[in-house]
Amino acid sequence: MSAIIIDGKAISLKVREEVKQRAGALRPKGIVPCLAVILVGEEPASLSYVSAKEKALGEAGMGSRDFRLAFSTTEAELLSLIKRLNADGKVHGILVQLPLPSHISEERVITAIDPRKDVDGFHPVSVGNMVLGRPGFLPCTPHGVLALLRELRIPTAGAHAVVLGRSNIVGKPLANLLARRDVNATVTICHTGTRDLGAITRQADILIAAAGRAGLVTADMVKEGAAVIDVGVNRVADSTARRGYRLRGDVDYAPVAEKAAWITPVPGGVGPMTIAMLLRNVIESAERFAIEQL
Ligand code: GUN
């Protein structure tokens, strides 16, 4: 078998077009959806993610307020900026790019964001709403993965979904969403402490790799005909590449693509969907503010 390559870029463009139309509909009301983007320090991967998010916002007719803060920024300074943005009626979403420098508590920073502006879906209130199945912002990468499965009509009901990774940003929320009634998968979470990983991943009808280790998932760990979703974005040194590194997913792509029925490439798979879902959360927030100010 040779896998269908899931074109996350193309699917994300459809979502971005929809968001652009919705942003256009708010314009006559004098509302420009706006995301505040905060980056502390100059971590290269974070810089590139933040730029991509801001570019996408502009292309969808939305605004961004860009806060590039020095690595030495204190937690108190960051908290005071968030307080100001929480109170700013022209700001509909607040995104603090993670990871933060180790002298700042991510937990305190995320908790300081008004849940109504938490378009990343990381605030404990957003996480609680997600787990309870109540309305609220869903985290962008897990939501993007679900959107891909839905778009490709990959059967999820009764399927065994194995999630490799247990991060707060991807693994934990994704496992939770896959078990929702409307998705109805049977979910197993694996992690660095899992014994005989391959024995479990080989049972997966849907295998989601979000461990952050390049090439961790080899072909012998994949069941014939599985859907393989690669959330990993690893920079691997490569002197022949223009930037001196190459992006690699958590999946050993070529051999796994021979065995799977569907596979996401890296780049061009899940990544673009993360951004599209962020835009969707921002527009939803702006639309709600528009209704509330009537
Ligand atoms: N770092 C890695 N992924 C993300 C994300 O989706 N949002 C934020 N804020 N930081 C991240």
Side-chain angles (χ1 to χ4, degrees), residues 8 12 15-16 34-57 64-69 71 73 75 78-79 81-82 85-86 91-102 104-115 117-127 130 136-148 163 165-174 176-177 208-213 229-235 247 249-250 264 266-267 269-282 284-285:
S12 76
V15 177
R16 286 166 65 165
C34 177
L35 176 66
V37 180
I38 306 172
L39 172 63
V40 184
E42 295 178 358
E43 219 257 304
S46 291
L47 270 168
S48 102
Y49 292 143
V50 161
S51 307
K53 289 171 186 177
E54 288 174 341
K55 181 162 168 274
L57 284 160
S64 58
R65 292 232 210 122
D66 189 17
F67 298 90
R68 306 269 167 118
L69 310 180
F71 185 87
T73 301
E75 185 178 301
L78 183 52
L79 292 174
L81 171 61
I82 289 170
L85 295 169
N86 280 341
V91 171
H92 307 104
I94 302 171
L95 181 145
V96 180
Q97 187 65 30
L98 303 179
L100 286 167
S102 59
I104 299 178
S105 154
E106 288 187 354
E107 191 183 317
R108 278 194 290 273
V109 167
I110 289 167
T111 308
I113 296 170
D114 182 337
K117 298 190 179 185
D118 174 37
V119 291
D120 254 332
F122 294 166
H123 191 287
V125 166
S126 304
V127 177
M130 176 197 67
F137 294 118
L138 295 182
C140 306
T141 301
H143 197 192
V145 170
L146 286 192
L148 286 180
V163 179
R166 56 177 153 186
S167 70
N168 289 341
I169 293 182
V170 184
K172 272 190 222 168
L174 194 48
N176 196 272
L177 291 170
I208 297 175
R213 291 216 344 238
I229 309 292
D230 193 349
V231 184
V233 186
N234 307 288
R235 290 185 174 206
L247 288 185
D250 287 359
T264 60
V266 176
V270 174
M273 291 304 289
T274 296
I275 296 186
M277 292 303 158
L278 172 67
L279 299 188
R280 195 181 262 167
N281 280 349
V282 176
E284 271 171 20
S285 183

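Worth knowing before you read on, the calculation uses all heavy atoms, side chains too, and leaves out hydrogens, waters and symmetry mates. First listed ligand is number 1; within each ligand, the first listed atom is number 1.
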*Taking the side chain from Glu75 and the backbone from Ser105, do they hold a donor-acceptor pair closer than 3.5 Å?*
yes

*asked:* Would the distance check show the side chain of Glu42 and the main-chain N or O of Leu47 forming a donor-acceptor pair, the cut-off being under 3.5 Å?
replied: no

*Sole candidate of Val40, Ile38, Leu39, Asp120 that passes side chain to side chain contact (heavy atoms under 4.5 Å, CB included) when paired with Gln97*: Leu39

_Partners meeting side-chain hydrogen bond (donor to acceptor under 3.5 Å, both in side chains) with Asn86 (sequence neighbours left out)_ = none

*Could you point out which residue of Leu278, Ile94, Leu95 forms a side chain to side chain contact (heavy atoms under 4.5 Å, CB included) with Val37?*
Leu95

_Donor-acceptor pair, side chain of Thr264 and main chain of Ile229, under 3.5 angstrom_ = no

*asked:* Tell me which residues fall inside the under-4.0 Å heavy-atom shell around ligand 1.
replied: Lys53, Leu95, Val96, Gln97, Leu98, Asp120, Phe122

